[in-house]
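What follows is a single structure, written as structure tokens, with notes after it.
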Amino acid sequence: MTTEMEQKSPPPTSHGIRISHETVEEVDYESLPANSSLVANLSAGAFAGIMEHTVMFPIDAIKTRVQMKKHSSLPRGIIASVSKIASTEGGRVLWRGVSSVVLGAGPAHAVYFSVFENSKTALVNTFTNNYNSQLITDQNYPVIAALSGICATLASDALMTPFDVVKQRMQADKTVPKLNLPQMARHLYASEGLYTFYVSYPTTLLMSIPFAAINFGVYEWTASILNPNHNYDPLMHCISGGVSGALAAAVTTPLDCIKTALQTKGLASDPGVRNSRGIKDATIALYRQSGYSAFLRGLRPRIIFNIPSTAISWTAYEMAKAYFFNAQF
């Protein structure tokens, strides 16, 4: 006969953790463990950022060209635009600038998601009764998530904006097709100065703040409906991310048009755009070009880009969180 001490040990959970009968503690993957390292948080964000920007990069290239008036001869359909560019310039041109995205998106999104998680936990602890001692909380608060997304944007855009400028110039400028990333950066610095790398930063923030607020807020709200138990469900993460990305992209397209005008003004044939020094100048120049329709250029490819890219970003981030959870237990 077995003694009480020799009773059969409890079965492991799905994460390989044995839970005693006396103390049953539900383990939630969506919250990284309390002893999770900063490296784990940063790595999850970096992985999500690189996946988001690289997979749909050709669509982003189409969006950049559509928003530039001198490329208005492109067909209206995205597939037709891809076919025309590939046939006239070669398929590789649609991937020009991807190196800048990979180099910048990894660190920028590492900061982005790390600041988001820590800001969310701090705000939850400050403004709710659900105190959490961990660095990351899995509780759903759409408004707090939106505010945390704004904090994340302020930090990450300062790092990402120069890389975004180089990326858009490589996407749009056919006059220097052989310049690689370092050469393009030196070319911009020599011809337009250091200012050109941050001329669009205020506009980027003006666009990214509502984008992040909508993205994080709608994602949390959608996830709370589709996945109320916070289980690891890639399909639900994907759907929630796609919905939040589509809405955020549609609302912020006018600001993205202004940002693109500022980041590519060195290539503009319109004197008003070329001489723009900030948001006001670029807004006036675009309105004089085509009226209100100038602020809706690239709406379709922007939405089509952001639905899968945001879905991929959230799914990749949640997957990385689940991986680091399992790795640490």
Parallel under 30°, tilted from 30 to 60°, perpendicular over 60°: which one fits the rings of Tyr287 and Phe295?
parallel
Can you check whether Leu286's main-chain N or O pairs, donor with acceptor, with Ser290's side chain at less than 3.5 Å?
no
To check you understand the geometry: which heavy-atom pair defines the closest contact between Gln263 and Ser200, and what is its length?
NE2-OG, 2.9 Å
Can you label the angle between the Trp314 ring and the Tyr219 ring as parallel, tilted or perpendicular, going by 30° and 60°?
parallel
Is a side-chain N or O of Ser313 found less than 3.5 angstrom from the main chain of Ser309, in a donor-acceptor match?
no
Near Tyr198 OH, under 6.0 Å, is it more than 12 heavy atoms from other residues, nucleotides or ligands?
yes
Asp157 and Thr204 side chains, donor-acceptor separation under 3.5 Å:
no
Does the side chain of Arg297 come under 3.5 Å of the side chain of Thr260 through a donor N or O and an acceptor N or O?
no
Side-chain donor-acceptor contact under 3.5 Å, Ser269 with Arg274
no
Given the options Leu235, Asp233, Ile239, Leu226 meets side chain to side chain contact (heavy atoms under 4.5 Å, CB included) only with Ile239
Suppose we call two aromatic rings close when their centres sit under 6.0 Å apart. Are Phe211 and Phe216 close by that rule?
no
Before accepting this row, confirm whether a basic side-chain N of the pair Asp60/Lys167 lies closer than 4.0 Å to the acidic partner's carboxylate O.
yes
Please check if the side chain of Ser114 supplies one atom and the backbone of Val111 the other of a donor-acceptor pair under 3.5 Å.
no
Quiz item: cation-pi between Arg277 and Tyr195, 6.0 Å / 45°:
yes
